[in-house]
There are 2 protein chains.
Amino acid sequence: MVTIREVAKAAGVSVATASRALNGLSIVTAETRAKIEAAAAELNYVPHSGARSLTRRKTDAIGVILPDLFGEFFSEMIRGIDMAVHGAGKHLLLGNMHGSTEETVLAIKSMRGRVDGLLVMPPNSRAESLGDAATWQIPTVLLNAQPQNGDIPFVSVDNYSGARMVTEHLIDRGARKIVHISGPASNRDASERMQGYRDILRERLGDTHPIILPGNFREDAGRNAAQLLLNRDFEFDAVFAANDMMAVDLMAELTRAGVRVGHDVLVAGFDDIPLARYISPQLTTVHSDITRLGSSAAMMLLRLLSGEALGADAGITISPTLAVRASTTGASG
Amino acid sequence: MVTIREVAKAAGVSVATASRALNGLSIVTAETRAKIEAAAAELNYVPHSGARSLTRRKTDAIGVILPDLFGEFFSEMIRGIDMAVHGAGKHLLLGNMHGSTEETVLAIKSMRGRVDGLLVMPPNSRAESLGDAATWQIPTVLLNAQPQNGDIPFVSVDNYSGARMVTEHLIDRGARKIVHISGPASNRDASERMQGYRDILRERLGDTHPIILPGNFREDAGRNAAQLLLNRDFEFDAVFAANDMMAVDLMAELTRAGVRVGHDVLVAGFDDIPLARYISPQLTTVHSDITRLGSSAAMMLLRLLSGEALGADAGITISPTLAVRASTTGASG
DNA sequence: CTTGTAACTGAAATGGGTGTCAAATCCACC
DNA sequence: GGTGGATTTGACACCCATTTCAGTTACAAG
């Protein structure tokens with residue numbers, strides 16, 4: 001591994017001059033610079049970013065700590081972050097993504113000295129779970145989580161209003177016995193969505209009780225819920241699943257049992273995964289622009305890093321939109 | 001930012017001792033260690049990984065340089081890599097993913113001093129395009145690309161035999177006029193797939209000419225190809241698209257035009273994106289285990305890093321499998 | 001009470017660059 | 001030729017931790 005010292009020696013100058021020349025400081029004579037560049041090229045010199053970032057106190061990398069996400073959500077998030085970060089010429093350092101809380105805290109610590117800033121998505125969307133790690137010395141933006149003591153900037157999706165929207169849509173389409181398949185109890189997104197469902201139900205159909213089947217955001221929960229609903233010969237005319245994954249498999253199962261989704265039973269999900277548009281009937285769902293979630297967070301972090309002081313109340317809540325499709329309208333397709 | 005020096009001072013010991021204590025070297029007295037740990041906790045000390053990696057000559061990070069991939073491929077790849085790397089406690093540093101060749105070379109260089117090893121997927125699957133960057137001083141494994149001068153280990157998918165398999169399957173199902181929608185001309189995967197198609201066609205149906213429509217791996221190419229085929233009132237009984245993305249949209253377009261896919265025309269793709277199973281009819285395609293591709297490459301790199309000398313011929317070719325579904329069998333669904 | 005050995009501990013070198021400050025060089029002008 | 005000022009250049013401290021090597025201490029044996 002050739003160092004700048006060797007380049008300097010080969011060019012017959014000091015390391016300081018070599019450093020200046022290679023970093024394009026105009027203070028170096030054209031002649032000297034040429035010598036140095038020739039030597040560097042000759043020796044195939046590549047600067048050691050690690051060493052450089054030590055003195056510069058700047059790594060040009062930002063750390064991303066995500067829980068164990070499913071495919072599309074993950075890649076869209078990364079894409080969004082990357083989009084925002086690309087222009088700034090920074091790298092993305094992915095921390096351990098296997099989300100127990102302790103591991104996450106560890107992952108955050110191991111980022112010290114490697115990155116200039118952090119994008120953290122806490123497991124279960126609960127910033128609190130990060131505990132005293134919140135005393136981070138390093139600029140951080142929370143993804144999809146709100147700190148209770150609003151001192152960390154965040155970007156999150158408005159799960160609550162999304163759930164209200166989609167449930168209200170079901171009501172508007174004539175549904176009265178609306179089942180909700182929830183996400184994991186410990187998950188904040190899940191509980192916000194459930195709350196939205198409960199609230200709008202009470203507001204619009206005060207007299208009916210919410211019907212909630214526990215789920216876990218995974219396919220099998222969709223299947224199980226379908227079985228349960230069918231076997232019990234349960235009375236229901238619509239299902240709002242807390243995410244698309246469950247909705248998709250629930251729908252497949254209902255269809256298999258001869259239920260006409262979109263007519264006999266309306267089904268809606270949450271997330272708008274790409275799949276939602278391709279199954280038949282297409283799935284009505286709540287669309288969150290994950291790419292935008294990622295890029296907004298990254299841009300916010302970039303601003304933070306450039307010294308801009310975001311107020312204590314700095315947070316963005318991204319409003320989801322309703323994607324109405326055939327699974328609740330019965331339209332062909 | 002508190003440094004180990006401050007911890008040492010607070011504990012009344014030298015930095016050397018502090019370092020030893022904090023790194024669990026048994027050589028330190030229990031009493032001394034306790035003092036140091038107390039001081040560290042008190043000051044909220046977090047080690048500076050950047051500085052540490054400078055002296056250790058080891059960063060515990062591996063660099064990943066991918067071209068601009070579409071969602072699922074990307075996330076599965078990362079997942080595979082992460083799976084293999086997780087146990088080794090390493091981080092993943094994502095380089096610039098916006099793949100012009102020059103940018104890729106730059107991205108590789110900027111990894112020097114940041115990572116212990118590199119996983120590189122060259123744009124267009126052409127290792128050659130990386131040119132003299134191949135004189136890397138840093139352990140590297142190529143993803144989905146073979147170097148012409150087999151001196152860099154690699155892991156890649158056997159596109160050629162995959163294409164042969166799927167084309168042969170179409171022939172076995174009775175197709176005789178098989179159209180191929182190719183990928184971008186400069187893309188190596190695309191040309192290998194095309195070659196597989198050509199070869200098996202010649203071997204099995206010596207007298208028929210291959211029919212090739214140029215594509216680009218994107219949805220619109222699928223739609224365009226469908227239009228072209230339909231408008232010209234072309235005679236064809238099967239289509240093999242060079243990837244699923246094109247196959248899916250082609251199929252949608254054909255279906256819209258009243259063609260019964262799986263009966264009138266057989267359609268097959270390549271990649272087995274999750275979507276393939278969810279559209280109707282389900283798409284016959286070539287399944288490559290991308291997660292395995294990623295994890296194999298990562299494991300190979302890990303072996304390389306642990307000092308193991310992989311022979312000059314170190315390369316793994318992952319054989320894809322054929323996923324036969326309704327789009328070529330006409331089965332219900 | 002020495003001496004030898006083992007166990008700890010600390011000063012300083014190291015890793016590969018950058019930035020500061022002082023020294024050296026250059027040139028113009030008196 | 002000497003002087004002032006502006007440019008360039010170089011020596012060295014520094015970033016923060018690890019590690020070597022030498023020094024200190026403790027303790028047992030002689």
Side-chain angles (χ1 to χ4, degrees), chain A residues 1-40 43-61 91 109-116 137-138, chain B residues 1-40 43-61 91 109-116 137-138:
Chain A
M1 287 280 84
V2 27
T3 74
I4 199 173
R5 245 159 272 272
E6 304 173 44
V7 173
K9 196 159 65 170
V13 299
S14 74
V15 288
T17 305
S19 171
R20 281 188 284 253
L22 295 170
N23 285 292
L25 270 354
S26 60
I27 203 176
V28 185
T29 304
E31 183 185 20
T32 311
R33 156 170 293 126
K35 263 194 319 196
I36 295 169
E37 280 171 353
L43 296 172
N44 219 322
Y45 168 71
V46 179
H48 188 292
S49 320
R52 164 181 287 165
S53 63
L54 188 56
T55 59
R56 286 227 187 123
R57 270 73 125 3
K58 191 158 169 305
T59 62
D60 288 320
H91 294 255
K109 287 195 177 172
S110 75
M111 288 279 176
R112 153 101 208 269
R114 289 181 195 279
V115 300
D116 298 330
Q137 320 293 61
I138 172 169
Chain B
M1 287 281 83
V2 28
T3 73
I4 198 172
R5 237 160 283 273
E6 305 172 44
V7 173
K9 196 159 66 170
V13 298
S14 72
V15 289
T17 305
S19 171
R20 281 187 283 252
L22 295 170
N23 285 292
L25 272 352
S26 59
I27 201 174
V28 185
T29 304
E31 181 185 20
T32 311
R33 155 169 294 125
K35 261 194 321 195
I36 295 169
E37 279 171 353
L43 295 172
N44 218 322
Y45 168 72
V46 180
H48 188 292
S49 320
R52 165 181 288 167
S53 63
L54 188 56
T55 55
R56 285 225 187 129
R57 267 74 120 10
K58 190 156 167 309
T59 62
D60 288 320
H91 294 254
K109 289 195 176 171
S110 76
M111 289 279 177
R112 154 100 207 269
R114 289 181 194 278
V115 300
D116 298 330
Q137 321 293 62
I138 172 169

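Throughout, protein chains are lettered first and strands after them, A, B, ... in sequence-line order, and every chain is numbered starting at 1.
Straight-line distance from the CZ atom of A:Arg20 to the P atom of D:dG10: 8 Å, rounded to whole Å. Rounded to an integer number of Å, the gap from B:Arg56 CZ to D:dT19 C1' is 11 Å. Atoms NZ (A:Lys9) and P (D:dA11) sit 13 Å apart, rounded to a whole Å. Remark: P of D:dT18 and CD1 of B:Ile36 are 12 Å apart, rounded to the nearest angstrom. Distance A:Ile27 CD1 to C:dG19 C1': 11 Å, rounded to the nearest Å. When the P atom of C:dG17 is taken as reference, atom CG of A:Leu43 falls 12 Å away, rounded to whole Å. If you take CD1 of A:Ile4 and P of D:dA11, they are 14 Å apart, rounded to a whole angstrom. As a whole-Å value, the separation of B:Arg57 CZ from D:dT18 C1' is 11 Å.
Across C:dG17, D:dT18, D:dC16, the shortest atom-to-atom separation from the side chain of A:Leu54 is found for D:dC16. Looking at the side chain of A:Ala16, the nearest of the listed nucleotides C:dG19, C:dG10, C:dG16 is C:dG19. Each of D:dA17, C:dG19, C:dG17 was ranked by its minimum atom distance to the side chain of B:Arg5; first place goes to D:dA17. Proximity note for B:His48 (side chain, C-beta onward) versus C:dG17, D:dA17, D:dT19: the nearest is D:dA17. Distance from the side chain of A:Tyr45 is smallest for C:dG17 among the nucleotides C:dG17, C:dA12, C:dG15. Here the nucleotide nearest the side chain of B:Ser14, chosen from C:dT20, C:dG17, C:dA11, is C:dA11.
Mapping B:Arg52 and B:Val28 onto DNA chain C via the closest heavy atom, the residue that lands nearer the 5' end is B:Val28. A residue-by-residue look at A:Val15 and A:Thr29 shows that A:Thr29 has its nearest nucleotide of DNA chain D further toward the 5' end.
Residue A:Thr17 has a polar side-chain atom (N or O) positioned under 4.0 Å from OP1 or OP2 of D:dG10. Dashed line: the shortest gap from a side-chain N or O of A:Ser19 to OP1 or OP2 of C:dT18 is under 4.0 Å. Between B:Thr3 and D:dC16, a side-chain N or O to OP1/OP2 separation shorter than 4.0 Å is absent. Remark: A:Ser53 is not in phosphate contact with D:dC15, judged by side-chain N or O atoms under 4.0 Å from OP1 or OP2.
Side chains of A:His48 and A:Thr3: no donor on one and acceptor on the other come within 3.5 Å.
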Inset, instruction - Determine, stepwise, if the pair B:Met1 / A:Arg112 fulfils side-chain contact (heavy atoms from CB on, under 4.5 Å). - result: CA-CA 10 Å; B:Met1 287 281 83; A:Arg112 153 101 208 269; 3.5 Å; yes

Inset, instruction - Give the C-alpha distance, both sets of side-chain angles, the deciding distance and a yes or no for side-chain contact (heavy atoms from CB on, under 4.5 Å) between A:Lys9 and A:Arg5. - result: CA-CA 6 Å; A:Lys9 196 159 65 170; A:Arg5 245 159 272 272; over 6 Å; no

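Judged purely by atom type and a 3.5 angstrom limit, B:Asp116 has no side-chain atom pairing as donor or acceptor with the backbone of B:Lys58. Between the side chain of A:Ser49 and the main chain of B:Gly113, no donor-acceptor pair closer than 3.5 Å is present.
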